[in-house]
Amino acid sequence: MDGKILVTGGAGYVGSHVAMALADAGLVPIILDDFSSSSRAVLPRLSALAGRTVEHVEADVRDTAALRKLFHDHPIAAVIHCAGLKGVGDGETRPLAFWDVNVGGTMALAEVMGEAGVARLVFSSSATVYGQPESLPVGEDAPLKPNGVYGRTKRAAEDFLRDLTRANPNWRIALLRYFNPAGAHPSARIGEAPLGRPDNLVPLLCRIAGGGFGELAIFGSDWPTEDGTGVRDYLHVQDLAEGHLAAIRFLATAPGATAFNLGMGRGWSVLEVVRAFEAACGRRIARSFVPRRPGDVACYYADPARAEALLAWRARRDLDAICADAWRWQLAGGGY
Ligand code: WQD
């Protein structure tokens, strides 16, 4: 492909793995990040892994002047938009920031892409847009009923992007709805680096197994699932990153906006994840049961058939690989 692929939020957890997958495929990523929730230290690691300098621009995705300069200075062929605020709990206390960055940031980016004549966009969305699913597995045409601020900002950004393609058929947009990304690059040089005590299950298991983070509080033992604990569709962040590459290729020929579920297409319970993680790290995870976490659902997993059919993409790395790579990353320090 001629030109560079702009990865907004490219220093973050998903974005850094996307940048790496692009470089591995012989494409040229350029990262935009303001490092508000990521580390500059990811950049030399990406360059070392890629065997060439991975370029970056430091700016906020809402900064249209900085975006205009970026599009002026670099030949951009397509954009993968990962920059945004995430966190279900965090969104509830900071609605203005979440709407401004997640929706306003997407609008600012689209404005400048339009001016620059760049029409291919892959958007980081989330399975959170579905809320409590009515049936399983969850297909892309399931109703979008997010039950929190974070999910509503993702749905609004999706709506906005669909409106763009309706008004101007030049736009080609993929809306990627991630299920539960986990794991790290097998090199253990890049991975998820949450600040403080992580909220998500796999990074929390890493910290607990590493010591100093107490025990795992399992949110509920009375869910209507096989072992009573919550069931989710965990997918390896490397598989997720490769899904972005497949989406970029798909957009070479596909007009309009298309949503894709990126998941394994099956679920694992909290206890199954704990056991897989114990096997990977060779340590016992201390745990106890506590009441359900507000807002949690019993079970959801993706129907990834559309991604398989149209993107020729399927998550290939299993839960054991997710746990092994997450633990290797933790052993290497689990951060930057
Ligand atoms: C997984 C399972 C918990 C922590 C969230 C967002 C979603 C997406 C991914 C971005 C659940 C249980 C967890 C703990 C536990 N993010 N658990 N004890 O809630 O499925 O999804 O992250 O887009 O939008 O909602 O992920 O990792 O928090 O939880 O028992 O201390 O582990 O109840 O069943 P979740 P999670």
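Residue numbers run from 1 in the order of the sequence given.
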Open item on the list: Show the nearest heavy-atom pair for residues Gly151 and Pro146, with the distance to one decimal.
Closed with: C-CB, 3.5 Å
Task: Phe277 and Trp327 aromatic ring geometry - parallel, tilted or perpendicular at 30°/60° bounds - done: perpendicular
- [ ] To the nearest 0.5 Å, tell me how far Leu32 CG sits from Phe71 CZ.
- [x] 8.5 Å
- [ ] For atom CZ of Arg197, decide whether the heavy atoms of other residues, nucleotides or ligands shown that lie under 6.0 angstrom number more than 12.
- [x] yes
Task: Residues Glu226 and Ser269: side-chain donor-acceptor under 3.5 angstrom - done: no
Task: Closest approach of Ala184 to Gly191 (non-hydrogen atoms, all atoms of both residues) - done: CB-CA, 3.9 Å
TODO: Determine, using ring centers only, whether Phe260 and His244 are less than 6.0 Å apart.
DONE: no
Open item on the list: Does any part of the side chain of Leu175, heavy atoms only, come nearer than 4.5 Å to the side chain of Arg162, both counted from C-beta?
Closed with: yes
Task: Arg207 vs Pro198 side-chain heavy atoms within contact, under 4.5 Å - done: yes
Task: Electrostatic pair Asp325:Arg328 at N-O distance under 4.0 angstrom - done: yes
Task: Heavy-atom pair with the smallest gap, counting every atom of Asp320 and Ala276 - done: OD1-CB, 3.9 Å
- [ ] Test salt bridge (charged side-chain N to carboxylate O under 4.0 Å, His left out) on Arg62 and Asp34 and set out the steps.
- [x] CA-CA 10 Å; Arg62 295 166 294 182; Asp34 66 353; 5.5 Å; no
Task: For Tyr336, the option from Trp329, Tyr13, Phe35 that meets ring pair (Phe, Tyr, Trp, His ring centres under 6.0 Å) - done: Trp329
Task: Greater than 12 external heavy atoms within 6.0 Å of Lys145's NZ - done: yes
TODO: Report the distance from atom OG1 of Thr225 to atom CZ of Arg232, rounding to the nearest 0.5 Å.
DONE: 9.5 Å
Task: Pairing of Asp33 and Arg40 as salt bridge, 4.0 angstrom limit - done: no
Open item on the list: For the residue pair Arg177 / Tyr130, report whether a side-chain donor-acceptor contact shorter than 3.5 Å exists.
Closed with: yes
TODO: Could you tell me the separation between the CG atom of Leu271 and the CZ atom of Arg287, rounded to the nearest 0.5 Å?
DONE: 6.5 Å
- [ ] Can you measure from NE2 (His185) to CD1 (Ile190) and round to the nearest 0.5 angstrom?
- [x] 5.0 Å
